Every structure is written in structure tokens, then in C-alpha cells.
Asks: 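To start, I am sharing the structure in question, which I have written as C-alpha cells.
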Amino acid sequence: MRRLARFELIVAFRFMRDGLMQTLLIVLGVGLGGGVIIFLSAILAGLQSNVVNRTLNFQAPIVILPPDQVARPLRGGPQGGIAAQVQPRSQQLRSIDQWQKVRDQVTRTPGVTATTPVASGPGFALRGEANKAVSITGIEPETYFSVIALPEKIIAGGVDIGPLDIVIGKELAADLGVETGDKIRLATARGADSTLTVAGIFDFGNKAVNERNVYISLRSAQSLLDLAGGVSAIEVKVDDPFAAETIAQTLRARTDLQVDSWIRTNEQFFTAMAAQIMTNRLIRVFVGLTVALGIASVLVVSVIQKSKEIGILRAMGTSREQIQRVFLIQGAFMGLAGAILGSLLAYGFLLLWRSVARNPDGTLMFVIEMQPSLFVIAAVGSALVGTLAAMAPARRAARLDPVVAIRS
Amino acid sequence: MSDKPVETLRLTGVHKSYAIGTPVEVEVLHGIDLVITRGEFAALIGPSGSGKSTLLNVIGLLDQPTRGRVYIEGRDATALGDAELTRLRGRALGFVFQHHYLLSEFTALENVMMPILASRGRPDDEMRETAAALLDRVGLTRWANNKANRISGGQQQRVAIARALAMQPVLVLADEPTGNLDTQSADTVFDMLREINESSGTTFLIVTHDPRLAQRCDRIVELVDGRIVSDRPNAEVVRRG
């Protein structure tokens with residue numbers, strides 16, 4: 001007997017050791033259940049954070065745009081007629097009215113951590129025979145980089161964007177056959193054009209973005225896109241990306257402008273994610289229930305098997321509370337031991353997953369973060385489930401009448 | 001030495017009824033009055049169904065009387081709550097049953113330590129020494145570290161006796177303590193109870209339906225149909241079986 005252990009602990013562990021096969025089987029069962037939960041949660045969290053990171057790499061959580069232009073039907077003209085049919089009007093590239101004022105207002109909104117004005121529009125990147133459609137983004141580097149971490153994505157050159165510099169994506173550079181220091185011509189459909197030097201090449205890990213996005217200075221973009229002094233959007237960074245839509249709603253109400261959150265623009269992804277989270281929760285609930293029922297059934301059998309011993313312990317002066325704790329400890333231990341086994345299994349599954357789930361080029365499909373908190377939550381949760389499951393058998397054991405137990 | 005015997009147990013007007021489906025009640029004990037003084041070695045005899053075990057359960061505070069009072073060393077046990085009753089039982093009473101009911105997961109020594117451990121909470125050297133001394137007294141030092149289910153029936157019952165003595169109880173209640181044993185083991189176990197009584201003055205109340213064993217007790221209380229029909233000192237105690 002261990003000197004530091006209490007009476008209840010000593011008896012609980014001896015009872016479990018006595019029914020070793022039962023104990024091992026239930027711990028294995030809890031372990032498998034726990035392992036599946038941890039593994040699924042880690043995969044889901046990995047998938048989610050991976051997509052979120054990739055999306056927010058090149059997309060601001062909130063983008064503020066000028067309101068859509070609408071055609072107003074002409075009423076009460078000289079003939080007093082009303083237009084029966086109104087065509088939706090085409091949208092021009094326009095500046096946000098009084099954008100500096102809007103930006104200041106947005107910056108003061110709670111939850112907003114950074115804002116940056118951009119002038120963006122369509123254009124063409126030309127070099128020799130090559131001609132590529134691109135999306136021009138005119139940026140103010142000092143503020144833009146606090147919203148989009150472009151400098152971290154640079155694979156060649158730098159992000160020192162002067163009036164005659166341009167930063168382009170890896171794919172576009174390959175398509176045009178340029179390297180840093182080379183010159184390309186940027187033109188718009190209006191006929192404006194400008195020759196710029198490639199100052200840097202970025203890689204956002206997304207082919208479409210690498211092909212289409214080009215970054216130039218705000219002033220150059222304003223003159224190319226005919227937005228003198230104006231900006232076409234204000235990009236906003238928030239402290240919690242998942243609160244973006246709530247903040248966007250506040251901004252919509254305050255500014256009367258069009259405010260898009262990344263949650264809205266990636267609605268399909270979020271719907272899929274929500275479905276997966278719901279499925280994972282359901283699995284957790286059912287695995288939790290199965291674990292609880294398993295532990296409870298083992299302990300119910302144990303109470304019946306040990307009823308005579310419980311009776312004699314009670315006759316010897318052991319209190320009901322002590323007997324109850326003997327069984328609660330067993331439940332908690334089975335849950336905890338199962339969770340530790342489950343954590344090991346999940347760790348093994350994840351290592352296996354890492355070696356199997358790879359892209360054809362050998363890189364990881366996505367990074368799964370094995371957060372220690374997940375294992376801690378699983379262990380605590382499982383011990384709790386075990387204790388709760390042990391409650392009914394423990395109470396039954398504590399209520400055993402020593403006379404009946406001994407005589408039965 | 002004081003001349004006045006000290007009361008270990010006093011029962012006054014103890015009735016015990018069981019409900020066997022309302023409103024039918026069966027009364028098993030009909031007003032038992034009994035006093036047992038310190039150091040006695042008494043037998044409780046009677047035919048099957050006479051209420052011996054029920055009476056023993058009431059005396060052992062395992063069951064409450066329907067009416068009447070039970071005093072252990074002058075303390076009214078019928079006035080106590082469940083927790084206090086459990087404590088009093090653990091401290092003042094020792095039990096030896098027909099079956100040993102040892103905890104098979106524990107060694108002989110640990111089984112003897114168990115009542116002290118339950119009362120103190122954590123194991124210590126003192127309780128280990130007490131248990132070892134008790135095992136020595138019942139002649140089982142060699143088997144101290146054997147699992148309880150790895151020793152013979154007679155030895156198991158001797159461990160149960162040592163366990164009953166662990167808390168130095170004022171009264172040991174033995175319910176057919178030799179009922180499961182062969183004659184030789186039964187004699188050994190009975191001699192042991194007797195020896196403990198004589199050497200340390202522990203009070204014993206032994207339920208038995210074996211007249212041979214009853215003849216070896218100092219006092220014989222006979223119960224028939226829930227009533228004490230005779231309570232006499234045994235003038236010619238047979239000391240050896």
C-alpha cells in the first residue's frame with residue numbers, strides 16, 4: 001500500500017486491478033473513442049485554420065466599397081409617363097466619397113486593428129508579345145502591409161514600391177518571362193499606360209492570385225485608373241477574423257457604404273465548415289455517451305460483484321461517502337486513462353495522416369496543428385464523463401444495506 | 001479490580017418488525033432485554049428462524065430496532081444518525097461472519113489493516129505493526145503477505161478474526177464463525193476466540209446452532225420465536241473441543 005494514497009484510492013485501484021481484463025477493455029474502448037474525437041477535431045481545426053490563413057493572406061477581412069450605382073426610373077416627365085422597364089446600370093470605377101473621413105471613422109470602430117486605402121481596377125500587363133489581364137491594386141505600403149502581410153510572401157526582390165515600381169506574382173512573372181529589375185508595361189482599357197520596374201515577386205500559394213494581382217503605388221494607380229486623389233476601397237483588418245461580419249454590419253449602418261466581410265464573400269466555405277463542425281459535435285456527443293455507458297456498465301457489474309465486500313467494509317465502519325468515492329475514482333480513472341491512450345492513438349493517427357496526406361509534389365496537403373490544449377481538454381472532459389458515468393453505480397454501492405449485501 | 005461489572009451492551013425492549021407487503025408486518029423480535037458485561041464470552045443459540053441473526057444485526061448496529069433501545073457502553077445507539085452510527089460501529093464493534101468476506105485483492109496483512117485504514121484515511125507504520133501483531137496472535141505471520149484468496153478456509157477465518165480485533169473493539173459479534181469449517185479448523189478457530197477473550201478481556205457474543213460450541217461458552221442465551229427463553233451461566237464450561 002502506498003503511504004500517500006488515501007483509503008478510497010487504495011481500494012479503488014485494487015478493485016480495478018482485480019478486474020484487470022474489464023478495466024483494460026473499457027480503457028481501450030474509451031481510448032479509441034477519445035482518439036477518434038481528438039483526431040477529427042485536429043483535422044477539422046487544421047483544415048479550418050489552413051483555409052482561413054490562405055484566404056486572409058491576400059484578402060482583407062473587411063472591404064469597404066462605394067455604394068452600387070442604381071438607375072432611377074424617371075417619373076413625371078413632360079408627358080407624365082413612368083418607365084415600365086428599368087435596366088440595371090453598369091458599375092463605374094468610382095472613388096469613395098470623402099474617403100479620408102470614412103477611414104478615420106472606421107479606424108475608431110471597436111475590433112478594427114488597421115485600415116488602408118486602395119485604388120484598384122482592371123488592367124493589362126504587357127511585355128513584348130505577352131499580354132495578361134491583371135487586377136491592379138494601388139497601395140499605400142506603410143498602412144497596407146499591416147492589413148495584408150505582403151512582405152512575408154515576397155520570394156524575390158522587395159516591397160519598396162516607388163512611383164515607378166510594381167510587385168507581381170510568381171506565375172505572372174513566369175508568364176511574362178520577367179525577373180526583378182525588368183520592365184513591364186501596365187495599361188488600362190481607357191488607354192492609360194505606364195512602364196514600371198518589377199521591384200518584387202510574391203507567392204501567396206494561390207495560382208489565381210499569383211497570376212492576377214499586381215501591386216503598385218497608390219498615386220500611380222490613381223492616375224492609371226483615373227481616380228485622381230480618390231480610392232476605390234478601404235481594406236480593414238480586425239482582431240478576430242470570425243467577428244468580421246458583425247463588425248461589417250456595424251460599419252454598414254454607420255457609413256451607408258457597401259461593406260463586404262470575408263465571411264460573406266466566402267459563404268460556401270463557411271457553410272461547409274459549419275456542417276463539418278456540427279457533424280464533429282454530433283460525433284463527440286455520441287462517442288461521449290458511448291464512453292459514459294461503457295464505464296457505467298462496467299461499474300454496475302463491479303458493484304454487484306463486490307457487494308459482499310462493500311457490505312463488510314460498511315460493517316467495519318467505512319462510511320457511505322467513502323464507498324461512493326471508491327467508485328467515482330474508478331470512473332474518473334477509466335476516463336482519464338482512456339483519454340491518455342486516446343491522445344497517444346490520435347497522435348499516431350496524425351503522424352500517419354501527415355505521411356499519407358501529401359500533395360503530388362510531396363508537400364503537406366495542409367498543416368495540422370496538434371494543439372496541447374486539445375489533449376488537455378480531452379483528458380479533463382473524459383475524466384469528467386467517467387466521473388459522471390460512475391455516479392449512479394457509486395450511489396448504488398453507497399446505498400447498499402450491509403445486512404442485505406452480506407446475506408445476499 | 002472493580003467488583004461492579006461494566007456494561008458493554010444493553011438492550012431494553014427491542015422489537016423488530018419487517019414489512020412483507022403493506023399492511024402485513026411480521027414481528028421477528030418481541031421485546032428483548034439483554035445485558036452483556038465486559039469480558040463475557042456468551043453464546044446466542046436457538047433454532048433456525050428464531051431471530052438470532054436479526055438480533056445480531058440490531059446489536060451490531062447494522063439494523064435499527066422498530067422499538068426499544070440499544071446501548072453500547074452506555075451510549076444510546078438508536079438516537080444516532082447514519083454517519084455517527086457508522087463511526088460507532090467501526091470503533092466499538094468487531095464482526096466475524098460465517099464466511100470470512102476478506103477482500104481478495106488485498107493480502108492478509110492489508111485485510112487486517114483495513115478497518116484502521118478506513119478510519120484514519122492513510123496507511124502508516126503503526127497500523128501495519130498493529131495488524132502484524134494481530135496476525136501473529138492468530139498464528140499467521142508466515143502468510144501475512146499472501147493474497148487473501150491464497151490461504152486455506154481456516155486461515156481465512158483467522159484473518160477475519162484478526163481484522164475484527166483491529167480497532168480494539170469493546171464487543172466482537174461472531175455469526176456462526178465456524179459454520180463453514182471442518183471440525184479441526186472449527187476447533188482451532190474457536191479456541192482462538194476463547195484465548196483472545198481470556199488473555200485480553202475482549203467481550204464476545206457468538207451466534208451458533210452447534211450445542212457443542214455453546215457448551216464451551218460462559219453464558220448461554222437461548223432465543224426461540226424472537227423471545228429469550230433462557231439465559232443462564234454455563235457452570236461447566238468445556239474448555240477444549
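Predicted, not measured: the structure shown is a model, and the values here were computed from it.
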Asks: Using heavy-atom distances under 4.5 Å, tell me whether B:L88 contacts chain A through its side chain, its backbone, both, or neither.
Replies: neither
Asks: Quick check on the interface: out of B:D82, B:T107, B:D63, B:L61, who has the most heavy-atom pairs with chain A under 4.5 Å?
Replies: B:D82
Asks: Do B:D210 and B:T208 meet the criterion of a side-chain donor-acceptor pair at a distance under 3.5 Å?
Replies: no
Asks: So which part of A:R314 gets closer than 4.5 Å to some heavy atom of chain B, the side chain, the backbone, both or neither?
Replies: both
Asks: Taking the six-membered ring for Trp, is the centroid-to-centroid distance between B:F97 and B:F95 below 6.0 Å?
Replies: yes
Asks: Which donor-acceptor pairs under 3.5 Å do the side chains of residues 163-176 of chain B make with protein atoms, sequence neighbours left out?
Replies:
from	atom 1	to	atom 2	distance (Å)
B:R163	NH1	B:Y101	O	3.1
B:R163	NH2	B:H100	O	2.9
B:R163	NH2	B:Y101	O	3.4
B:D175	OD2	A:R407	NH2	2.7
B:E176	OE2	B:H209	ND1	2.7

Asks: Report yes or no: is the cationic atom of A:K306 (NZ for Lys, CZ for Arg) under 6.0 Å from the centre of the six-membered ring of A:F15, at an angle within 45° of the ring normal?
Replies: yes
Asks: At a 4.5 Å cut-off on heavy atoms, which part of A:E309 comes close to chain B: side chain, backbone, both, or neither?
Replies: both
Asks: Look at A:M316, A:R17, A:E8 and state which one has the largest set of heavy-atom pairs under 4.5 Å with chain B.
Replies: A:M316
Asks: Any ion pair linking B:R120 and B:E126 (charged N to carboxylate O, less than 4.0 Å)?
Replies: yes
